[in-house]
Amino acid sequence: MKKIDVLLGLQWGDEGKGKIVDVLTPEYDMIARFQGGPNAGHTLEFNGIKHVLHTIPSGIFHEKTINIIGNGVLIDLYIFQKEIDKLIERNIDARKNLKISKKAHLILPTHRLLDAVYEQSKGNSKIGSTLKGIGPAYTDRTARNGLRIGDTQRTNFIEKYNHLKNIHLEIIKNHQLKIEDLQIENMSFSEYEEKWLTVVNHLNEFDLIDSEYFINQALKDNKTILAEGAQGSLLDIDFGSYPFVTSSNTITAGVCTGLGVSPDKIGKVLGVFKAYCTRVGSGPFPTELFDNDGEKIREIGREFGSTTGRPRRCGWLDIPALNYAIMLNGVTDLIVTKIDVLNDFEELKICTSYEFDKKTINYIPFEAEDNLLTPNFQQISGWNSNINEIKTYNQLPEKLKNYLQYIENNVNIPISIVSNGPDRTQTIFRNSK
Ligand code: GDP
Ligand code: IMO
Ligand code: MG
């Protein structure tokens, strides 16, 4: 009996999860997404191509690997079809190795309108949502109003669809908005809805499954599975900086509910973090930089959202936040990405503790949500050289190794992979000499 390994982000998302999953896929029989939806943007680069996935797991480019969209994931049929079409342009027919849970919930076109309406009504306290309908769709799931992939195969689907849509339209009307004036992805509502509904008729071309049985049976049959997280631990609905979070459990616990595996079946937990921090959207960010260093990281790291194109906020690495995420997830192995982005710095900083309420602390209290933490930094010398083409750990500059060693000493988990560029080949495995 195998256990399921987990790979997830330890910061505020965009840690480079997609790239690493793609690199690790040859080691696994299956890759499974367990939460989130098209708010995710997972970038893969190889053979000079760059590809961004939103709903489809990042193992899809490996023909022999089964990719599973679990019950915890939200699917917008329009975005899903666009992803399928883009893969076809790259000669990948996802119908061959993609399986979708019948219990995965749907994001209706009206969920997207509601997301925009609710964000608008928040005024200055906007979450900075990706506006993909995530909050409203998970709300309907919890309120037991939601529609699922399996429902699309039932004869009364359109009836159920219209029922939920009409509930949403009432809410929109109550906000003094007219459906004719609202757009989704530069389309009128009815155009978007028509395209979305067309996909319903093609869903039976995919393998729609009871994914919890499929996954548990696969583990019994000694198949290896990697669960791919979306967003990051600090955006978790329970433990992130509420309300500036996403609407799902992004941490390891989400694997159990989002795929239907019991906690004793969790194997390795691979935590991915950037060598610095970024955040897109609103909310507290203790180590955020507002100076040239922040600008430099944004430019060199190409820190602009994969899903929305928004500039990402940038800051130094935050050890207490990393330790928090490690604790919540039970991380067994660390993977550091984007280390090359720090090539050109004389001095680097790492946050080791915070000043809060006239005390020095190294945890994240409830009050962190009110932006009340001031970071204390340790200065570390930079390596000041280009490391993008280095292939082995031993060849890395001593100062870079010191930077990584400093992190390891402060989190007590080994760093097993170092990513030194966006391409598949720019990945250094610590243990391979
Ligand atoms: P994800 O959401 O965690 O999959 O991450 P994103 O794809 O949204 O953002 C990560 C960005 O950094 C993408 O543009 C990747 O191509 C890029 N990337 C990943 N790893 C590295 C790395 O080690 N160095 C550099 N320079 N870029 C990287
Ligand atoms: P990946 O998987 C970074 C952020 C949004 C916003 C908040 C809530 O690519 O790492 P939502 O659309 O969920 O209502 O937005 O969460 N957010 C992400 N930030 N990476 C992501 O995904 C994100 N998904 C959501 O910017 O602040
Ligand atoms: Mg992303």
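For ligands, and for the atoms within them, numbers begin at 1 and follow the listed sequence. FYI, side chains are in, hydrogens and waters are out, and symmetry mates aren't considered; it's all heavy atoms of this structure.
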Check your understanding: Do any N/O atoms on Lys17 end up under 3.5 angstrom from N/O atoms on ligand 2?
Key -> yes

**Study point:** Audit row: Tyr363, Tyr324, ring pair (Phe, Tyr, Trp, His ring centres under 6.0 Å) steps and yes/no
**Key:** CA-CA 7 Å; Tyr363 65 95; Tyr324 185 55; 9.4 Å; no

Practice item. Would you mind running through ligand 2 and noting each atom that sits below 4.0 Å from a heavy atom of Trp12? Key: 3 (C), 19 (N)

Review point. Should Glu193 and Arg112 count as an ion pair when the cut-off is N to O under 4.0 Å?
Key: no

Check your understanding: Does a salt bridge link Glu212 with Lys103, judged by any charged N lying under 4.0 Å from a carboxylate O?
Key -> yes

Exercise for review: May I ask you to identify the nearest protein heavy atom to atom 10 (C) of ligand 1, giving residue, atom name and distance to one decimal place in Å?
Suggested key: Asp14 O, 3.7 Å

Check your understanding: Between Asp115 and Lys132, is the closest basic N to carboxylate O distance under 4.0 Å?
Key -> no

Point to revise | ligand 1 N/O within reach of Ile339 N/O, cut-off under 3.5 Å | key: no

Point to revise | Heavy-atom gap Gly421 to ligand 1 smaller than 4.0 Å | key: yes

**Study point:** Salt-bridge criterion met for Lys160 and Asp151 (N-O under 4.0 Å)
**Key:** yes

Review point. Which ligand 1 atoms does Arg312 reach within 4.0 Å, using its non-hydrogen atoms?
Key: 8 (O), 9 (O)

Check your understanding: At what distance is the nearest protein heavy atom to atom 26 (N) of ligand 1, and which residue and atom is it?
Key -> Asp340 OD2, 2.7 Å

Review point. Just which atoms of ligand 2 are under 4.0 Å from any heavy atom in Leu235?
Key: 4 (C), 16 (O), 17 (N), 18 (C), 19 (N)

**Study point:** Heavy atom of Arg302, distance to ligand 1 below 4.0 Å
**Key:** no

**Study point:** Per atom 6 (C) of ligand 2, closest listed option by heavy atom (Gly16, Gly36, Gly128)
**Key:** Gly128

Review point. Given the side-chain rings of Phe206 and Phe80, with only the six-membered ring counted for Trp, is the space between their centroids under 6.0 Å?
Key: yes

Practice item. May I ask you to decide if the ring planes of Phe345 and Trp316 are parallel, tilted or perpendicular, using 30° and 60° as cut-offs? Key: perpendicular

**Study point:** Contact check, Gly41 vs ligand 1, heavy-atom distance below 4.0 Å
**Key:** yes

Exercise for review: Go through ligand 2 atom by atom and flag the ones less than 4.0 Å from a non-hydrogen atom of Ala40.
Suggested key: 1 (P), 2 (O), 9 (O), 22 (O)

Check your understanding: Do any N/O atoms on Gly41 end up under 3.5 angstrom from N/O atoms on ligand 2?
Key -> yes

Check your understanding: Are Arg313 and Glu288 ion-paired here, with the side-chain N under 4.0 Å from a carboxylate O?
Key -> yes

